[in-house]
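Take a look at the structure below.
Because only heavy atoms are used, hydrogens play no part in the values below, and waters and symmetry mates are left out as well, while side chains stay in.
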Amino acid sequence: MADGRAGPPFETLAILAIVVLNVAMGFIQEAWAERAVAALRRMSAARARVVRDGIRREIPATELVPGDVTRIEEGDAIPADERLIEASALRAGEATLTGESVPVPKDAALLAGEASLGNRRNMVFSGTAIVNGQGVGIQGNRFSP
């Protein structure tokens, strides 16, 4: 190489070094992102206030079982479908289900006859939020109106 240019071995090594550096940076960045997502999941994990054996507890929503009695208050996100057994000025934001922008009033009264799922005012549904009031609900697999 009398003309002073770098030959093919130098270019090959330079490209290889850049590829290795790029792979290492991608691996590190992906590891950081996975840790950040795991931390966000822990922070935003749904929780429920239940009464079990006469004792009030706060548990992860994933541990709810049929028959659990839950306390519902303003600001709560509903972790699972529940039938209300008590309600005081309870209103739920069901925009995620129905598209309604106005909160829906809820009460614990049993409904007469069959009612469509959207018309069951004695139920609160998973993924909705309580915008006003408080109540008590019970978990179950199947609910009657």
Side-chain angles (χ1 to χ4, degrees), residues 6-145:
F10 176 75
E11 290 173 357
T12 302
L13 290 175
I15 291 171
L16 185 61
I18 290 170
V19 168
V20 168
L21 184 63
N22 191 10
V23 167
M25 287 176 54
F27 179 78
I28 291 169
Q29 202 169 24
E30 186 174 336
W32 285 348
E34 285 177 8
R35 277 189 270 157
V37 167
L40 285 172
R41 281 193 181 126
R42 284 190 305 272
M43 289 172 50
S44 65
R47 300 193 61 80
R49 286 182 300 280
V50 300
V51 179
R52 286 186 178 167
D53 301 321
I55 301 170
R56 288 186 182 180
R57 310 168 199 223
E58 188 168 315
I59 63 170
T62 55
E63 294 179 13
L64 286 170
V65 296
D68 272 343
V69 175
T70 60
R71 301 280 312 154
I72 303 167
E73 296 176 357
E74 184 175 334
D76 286 352
I78 303 299
D81 294 349
E82 304 178 20
R83 188 175 61 77
L84 295 170
I85 54 177
E86 290 180 26
S88 175
L90 196 64
R91 295 172 67 78
E94 295 183 349
T96 56
L97 299 176
T98 63
E100 290 183 37
S101 60
V102 178
V104 178
K106 298 291 184 173
D107 60 56
L110 291 177
L111 302 175
E114 287 293 317
S116 67
L117 198 57
N119 290 328
R120 294 184 184 181
R121 302 291 187 203
N122 63 343
M123 289 185 65
V124 288
F125 302 100
S126 178
T128 62
I130 301 301
V131 296
N132 189 45
Q134 58 187 359
V136 177
I138 188 165
Q139 301 295 311
N141 289 335
R142 305 188 102 189
F143 298 107
S144 61

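- Contact annotation: the side chain of V50 never approaches that of R56 to less than 4.5 Å [non-hydrogen atoms, C-beta and beyond].
- No donor-acceptor pair under 3.5 Å is formed between the side chain of D76 and the backbone N or O of I130.
- Scanning for side chain to side chain donor-acceptor pair (under 3.5 Å) contacts around R57 gives an empty result, with sequence neighbours left out.
- When the side-chain contact (heavy atoms from CB on, under 4.5 Å) test is applied to A108, the partners found at least two apart in sequence or on another chain are L84.
- Residues forming a side-chain contact (heavy atoms from CB on, under 4.5 Å) with E30 (at least two apart in sequence, or on another chain): E34.
- Applying the side-chain contact (heavy atoms from CB on, under 4.5 Å) test to L97 and every residue at least two apart in sequence or in another chain returns F125, T128.
- Remark: P103 pairs with R91, V131 by the side-chain contact (heavy atoms from CB on, under 4.5 Å) rule, at least two apart or across chains.
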### Task
Check the pair E82 / I72 against side-chain contact (heavy atoms from CB on, under 4.5 Å), numbers first and verdict last.
CA-CA 10 Å; E82 304 178 20; I72 303 167; 3.4 Å; yes

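- Proximity of a side-chain donor or acceptor of N132 to a complementary backbone N or O of A89 within less than 3.5 Å is detected.
- Looking only at side-chain heavy atoms (C-beta outward), T70 and V136 stay at 4.5 Å or farther from each other.
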### Task
Given side-chain contact (heavy atoms from CB on, under 4.5 Å), test V104 with V102 step by step and report yes or no.
CA-CA 6 Å; V104 178; V102 178; over 6 Å; no

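- Legend: salt bridge (Lys or Arg N to Asp or Glu O under 4.0 Å) pairs involving residues 60-69, not counting sequence neighbours, sorted by first then second residue: R52-D68.
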### Pair R83-N122, side-chain contact (heavy atoms from CB on, under 4.5 Å): steps then yes or no
CA-CA 6 Å; R83 188 175 61 77; N122 63 343; 4.1 Å; yes

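- Residues satisfying the salt bridge (charged side-chain N to carboxylate O under 4.0 Å, His left out) criterion with E73, sequence neighbours excluded, are R49.
- Residues forming a side chain to side chain donor-acceptor pair (under 3.5 Å) with Q29 (at least two apart in sequence, or on another chain): none.
- Not a single side chain to side chain donor-acceptor pair (under 3.5 Å) links R71 to another residue, sequence neighbours left out.
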